[in-house]
Amino acid sequence: MKKDPISPPRHIAIIMDGNGRWAKQQGWPRIKGHERGAESVRAVVRGCREAGVEYLTLYAFSVENWIRPRDEIGGLMKLLRLFLENNEHELHENQIRLRVIGRLGDLPMLIQRRLKKVMAATASYTKGHLILALSYGGRAELVDAMRQIGHKIKDGSLDPDAIDDQTIVQHLYAPDVPDPDLMIRTSGEMRLSNFLLWQLSYAELYVTDVFWPDFREQHLYEAIEAYKARHRRFGDVE
Ligand code: FPP
């Protein structure tokens, strides 16, 4: 019997990996890989809209990435600034809300200001949610949550025995965002790399050998189909 089509994942999280290797393959500097990677970001935002995915979280810069060469960090910050400048109109046209998770205060002041401006301007949109993980680490997020919880215990506003899953969630960077249903990692690496450690507990994982700069809508749709196929099998007694 033909079954109903399974709905797409509501939330996709992506580890965008392989920019450096892609550039090396072409004999180009690493920043060229990041530049083309920014095109892939545009493509997946479009793809999510087409496929009916509501939330997209992208691992754009980790807490560990600060040890990269200064030039590369500067190049990435510039790309982020250009991305905001060149794509803000598309967020408005499609009513997509931009958010950031991570230690925003670590970023250069100019970038912080630009991000806050676009976040404020898109805050009322609900059609789609683009969440950039910047200076993000899953452990850092849990450390930040524990600190807040610790302060509340200290000032008497929280009873330690009342702490449950929801208490932790409420102290994460984006408490209202549903957990990802699907996590995609490009360039073949089988690691979580400190990404959304709490939130990925029940996510389906999908790893592709495609380097991030080559990742386009078609690759996103393939990942979504793989996700749906897993769900079609799930619970099937035949
Ligand atoms: C990982 O590839 C990628 C990053 C650390 C940065 C991701 C950034 C972008 C895609 C561009 C800008 C982002 C936005 C949101 C506009 P890698 O450098 O670790 O690659 P490698 O493992 O092959 O060296």
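In each ligand, atom 1 is the first atom listed, and ligand 1 is the first ligand listed. In this chain, residues are counted from 1 in sequence order. Remember, it's a predicted structure, so these values are computed and weren't measured experimentally.
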Give me the pairs of N or O atoms, one from ligand 1 and one from the protein, that sit under 3.5 Å apart.
residue: ligand 1; atom: 2 (O); partner: Asn19; partner atom: N; Å: 3.4
residue: ligand 1; atom: 18 (O); partner: Arg30; partner atom: NH2; Å: 2.8
residue: ligand 1; atom: 18 (O); partner: Arg68; partner atom: NH1; Å: 2.9
residue: ligand 1; atom: 19 (O); partner: Arg68; partner atom: NH2; Å: 2.8
residue: ligand 1; atom: 20 (O); partner: Gly18; partner atom: N; Å: 3.4
residue: ligand 1; atom: 20 (O); partner: Asn19; partner atom: N; Å: 3.2
residue: ligand 1; atom: 20 (O); partner: Gly20; partner atom: N; Å: 3.0
residue: ligand 1; atom: 22 (O); partner: Asp17; partner atom: OD1; Å: 3.1
residue: ligand 1; atom: 22 (O); partner: Arg21; partner atom: NH2; Å: 3.0
residue: ligand 1; atom: 23 (O); partner: Gly20; partner atom: N; Å: 3.3
residue: ligand 1; atom: 23 (O); partner: Arg21; partner atom: N; Å: 2.7
residue: ligand 1; atom: 23 (O); partner: Arg21; partner atom: NE; Å: 2.8
residue: ligand 1; atom: 24 (O); partner: Arg30; partner atom: NH1; Å: 3.1
residue: ligand 1; atom: 24 (O); partner: Arg30; partner atom: NH2; Å: 3.2

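Between the side chain of Ser40 and the backbone N or O of Arg216 there is no donor-acceptor pair closer than 3.5 Å.
Residue Ile111 comes nearest to Arg81 through the heavy atom pair CD1-CB, 3.9 Å, listed as atom of the first residue, atom of the second, then distance.
With sequence neighbours excluded, the residues satisfying salt bridge (Lys or Arg N to Asp or Glu O under 4.0 Å) with Glu72 are Arg30, Arg68.
Classified by interplanar angle (parallel below 30°, tilted 30° to 60°, perpendicular above 60°), the ring pair Tyr125/His92 is perpendicular. In this pair, Phe195 and Tyr59 present their aromatic rings parallel. The plane angle is below 30°, not in the 30 to 60° band.
By the neighbour-count criterion of 12 heavy atoms within 6.0 Å, atom CG of Leu110 is densely surrounded, having more than that number from other residues, nucleotides or ligands.
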